[in-house]
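What follows is a set of notes on a single structure, which appears directly below.
The structure displayed is predicted, hence computed values, not measured ones. Each chain gets a letter, A, B and so on, in the order its sequence line appears, and its residues count up from 1.
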Amino acid sequence: MKISGTNTLALAPEEAYRRMQDPVVLAACMPGCESLETIGEDEYRMKMKLAMASLSGAFEGKVRITDRTPAGFRLIVEGTGKLGFMKGEGLLTFSQSGDGTEVAYEGDVQVGGTIAAVGQRLIDATAKMMIKRFFEKLAA
Amino acid sequence: MATPSITKLEPFIGKRIRRKEDPRLITGTATYVDDLQLPGMHFAVVVRSPHGAARIKSVDIAAAAAMKGVAMVLTGRDVADLACVPCGASLPGLRVPEHRLLAQDRVYYVGHPVAVVVATDRYIAKDAAEAVEVDYEVLQAVADPEKALAPGAPAVHPQWPDNTAFTFHQEGGDIEKAFAEADVVVKQRITSQRLIPSPLETRGCVAQWHAAEKSLTLHTSTQVPHLVRSLLAQMLGLDENRVRVVAPEVGGGFGCKLNLYAEEALTSHVAMKLGKPIKWIESRRENFLTTIHGRGHVDYYEVAAKKDGTILGIKVKIIQDLGSYHQLLGPAIPTLSVLMIPGLYRAKSMCADVVGVFTNCVPTDAYRGAGRPEATHGIERMVDILAAELKMDPAELRLKNFVRNEEFPFPTATGLIYDTGDYAAPLRKAMETVNYTELRKQQADARKHGKLMGIGMSTYGEICAFGPSPATPAGGWESATVKIEPSGKVTVMTGVSPHGQGEETTFSQITADHLGVPFEDVLVQHGDTAIVQYGIGTFGSRATAVGGPALYYAIQELIIKIKKFGAMLLESDDVSYANGQCTCAKTGKSVSIKEIAGAAYRAMKLPANTEPGLVATYFWEPTNFTFPFGAHIMVAEVDPGTGAIDIKRYVAIDDCGNLINPLVVDGQVHGGVAQGLGQALWEQAVYDDNAQLVSGEFMDYTMPRAHMMPWIESGHTITPTPVNPLGVKGVGEAGTIGASPAAVSAVVDALSPLGVRHIDMPMTPEKIWRLILSKTTGSNA
C-alpha cells in the first residue's frame, strides 16, 4: 500500500533532520517502540508492539536509514512477529516552510500473514495514525 | 431384479418428515471431532508461512522444543521421505508439483505448512509454534491467474516458468460452420471469483496409533472416510485394513472436505512416532488460508446465433486459477465446466479450451457445484446477452432453444447423454408464479418513474449422481447393507457419508416403504470404515441418487430371503411380502418380519440352500449421471443513490425427479440459493499483489446471514429419471447453480436502461454505485 503526505514541524530543517536520525529520539517517537539498539552504521535493532483491529502483538526487526542526501533520507522499518510481518519504507524530504520545516514522505507499507488477512482494511488508517503520532512526538 | 409388491397404505416417501438428525444437533449433544477426548492426548499446531513465495533459509526449533510440555517439533526435513499429498485428477500432460506434508526449501502460498509442534495441550502447542523461528528470503509472488500467464511473471514453481499446469481442449459438432453461418456473435469476459467454502465446523482430526496391532484410528471431519482410509494407508505405508477412519458429526463440507489434506497425514504420522493420540483442530483463520478455495475462473465466451435466436455454437476459453498445488480433484474441476457448457440448449457445436494456472494461492478444488456453477453462470449470462443483442425476451429465447421433450435421451455436443427432461416446465411455472407478463408491465412503469427494477432468470442444468465409475477418480458406485436384527429392528449401513444432507431420515423413509417396516425401527449408520462395508462418500449430489438405489437393491435382495423364511414358516410355496408381513396366498395366514427374523437367527430350521441371518449388501453402479434442471427468477430493485440491491422476490423451481422428503429438498435448495447469492452479491477471496489473502476473516469476507436472505419461494416440477429405480436425481447443488446467474441477470436487467449488459460478481453496493455513476455521469469515481 502506498502512503504519502506532508507534515509541518515547528523546528528548523537542520534540527528536524538531526532529530529524525537520532536513535534516542526515534525510539521515543515511534509508536509502540520498546527498544532501539544500534547494530551498525544507520542500522538499529528494534522491538515494537503493534495494535490494529482485534490484533496486537510484538514485532522484532530492524530500522535502517539509507539514501542520505542533504535534502533527506530513506527510512526503512521491518519486523516480524507472531502476527506475521510488516515492512514500511519511506523517503523523507525536508524543506523550509516559514519558520518551520515541511517534511514530505512517500513510501510503501506491506504486511503479511495474519495481520494482512485480518487487518488489511485498517492498515491505511493505522499507518496514518502512527505517522501523525510520530510527528506529534517529534515536535514536542 | 424382481419388482417389489408393496401396497403400503401410508408411504413415507414424499412426506415432509422432520429429520432424525436434528434433535442431537439442536440440543448440542452431537459429537464433532473436537469433542473427542482420549487419555494422554496431545495437541498439534502447524507453523505456517506468512509469505506467498519465499525460500526457507533456516528453521530454528530450539526455543520451541525446549518449552515445557512440548513433545515434538517436526520440520520439512523430518517428513521428506513420506509420500506426497495425492492428486486424484488425471489429465494428459498434467504437471503435478511434489506436495510434501511440510514445506521443503520453499513456501508457495500464505499458510503453507512449515513445521508442526506437538505439546500436552493446545495452548502450549500454540505458544511453542510461535517460538519456531523461520528465516525466509522473500520472493516475488503472483496471485492473479491472468498475470501469472503473462510473459515474465514470477514462476510459482521454478521448473515451470509459464505457470501452466495443463491445457485441455474439447470440441463437438462443427464449430467453424456454426460461427460461419451465424447472423450474430456475442462475446463477453465472465469471471467466477475465488470463494472460501467456510463450513461452520473447520477441519480437524484425532489420530490414535495402536502400536501392538500396527493399526491407526483417525477421526476426521470428512465427506469421504473410505477414500481417506485408502489414500492415508498408501501414504503412511500401512495396511488398509489396519486403518480405521471415522467421520463423526461433520459440520458442513460443501466439497472442501472431499479431500485428503496434509494435516490428516501429518497428525497420523506424529501419532505413530510419538505413540500418543494427537488432536489437530484448524482455527478459523487457518481455514480461510489453508482449506481449499472454490471457483477461480476467468472465462471468455463467444456465442453464435441466427437472427431468430437459434443458438448455433458456443466457444469458451477457461482460465482456471489452481493455486500452488493440486489437492485431490482440483485440475479435474474445470473439465466438468466444459461438459456443462451446452446447458439446457440444443446447440450441437461447442469448443472449449482450458488452461490450468499455478498461482501463489491456496489450491482450488470442488466447492458446491464444482465446475457446473461456473459453466451455468457463463452460459446463462451469454443467453441474456444474446437476448439483449437480438432485443428478444430472455424467457422466449430460452424456450426457443431448449432441448425438446421428445429428444431425450439427448446426446450433447460434449458427449453426455441427458437422461430426461421437460426444460420448459419449471421456467413456465416460475413465470406463472411471478406473473411474468404483468411484472414486465410493472417494470416498464417503474422505469418511467426512474426506478431501477430488474427481472432476472436462469434456467440451469446439472450433472449429478456422480457417477458412472469411468467418470470418477475412485469408483462411482455406492453401497448399502441392510441388516434385520433378531428383534426385527433394521440397521442400514450406507457408503455415503452425510454431513447435513439428512440421509439418516431419507434412507429411513426409503427403507420403511420398500422393506415395509416402521420408520422408527430403522437406524442408518455411516461414516465409519469399521462399520460400513465400503463406500465412496457424499459429494456431487450423489448420496440419494446413487446411495439410495444401492439401498433399494439391497432391500430387494433381502426380501427374497425374507420370503424364503416366510414360505418355510407358513409351509407354503406361494407367499407374498408386504408391509412387514409374509402372507400365504392360499390360507391367508401371515408371519411378521419380527417372527421371520427370530427364526432366521435362531436357525432351528433353515430353508433349502439358505444361510441363517437376514443381511444383504448391494454395490450399485449407475449407468449414467442424472441431469436435474430448473428455473430461478429473481426480481430486484437497485437504489441508484447507494447501489444497494433489494431482492423483491426469489422463485426457485427445481426438478430433481421424485422427492423422498420435500422438507429436506427445500432445505438443500434454500442453503444452495444462499450460497449462490453469497457468490453473486458478497463473497470474494481477495489476494493482493504480494499474494497475501486480505479477506481473511468474516469482517472482510461477507458470508450471507439470515437477515440478508430474501424469502425463497421454492417449488418443483417432477420428471423422474430412468437412470435409477427411485427416479431421484440429486438436489444438493441445484440452488447454488441456479442462483448466481439469476441474481446477476436481475441486476443487469435493472441497469439495462443505462446500457449495462454484464456485471461480474460479487455485485457489492460499491461496485454497483460506481457503475451507475460511470454510466450516468461518465465519472470513474
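Heavy atoms only, all atoms of each residue included: A:Ile115 and A:Phe59 are closest at CD1-CZ, 3.8 Å.
Paired with A:Arg64 under the rule side chain to side chain donor-acceptor pair (under 3.5 Å), one option of A:Glu78, A:Glu41, A:Glu43 passes, and it is A:Glu78.
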- Task: Verify side-chain contact (heavy atoms from CB on, under 4.5 Å) between B:Val70 and B:Ile124, making sure each step is shown before the conclusion.
- Result: CA-CA 7 Å; B:Val70 172; B:Ile124 296 172; 4.1 Å; yes
- Item | From CA spacing to verdict: side-chain contact (heavy atoms from CB on, under 4.5 Å), B:Thr764, B:Trp769 | CA-CA 9 Å; B:Thr764 57; B:Trp769 176 75; over 6 Å; no
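Residues of residues 46-60 of chain B having a heavy atom under 4.5 Å from any heavy atom of chain A, listed by number: B:Pro50, B:His51.
For a residue to count as touching a neighbouring chain, one of its non-hydrogen atoms must lie under 4.5 Å from one of that chain's; by this rule B:Asp689 does not touch chain A.
Residues B:His293 and B:Tyr367 place their aromatic rings such that the two centres sit no closer than 6.0 Å. Remark: aromatic rings of B:Phe288 and B:Phe698 are close, center separation under 6.0 Å.
Contact count against chain B (heavy-atom pairs under 4.5 Å) is highest for A:Ala116 among A:Gly81, A:Ala116, A:Gly84.
For B:Arg203 and B:Tyr261, the positive end sits near the middle of the six-membered ring, less than 6.0 Å away and at most 45° from its axis.
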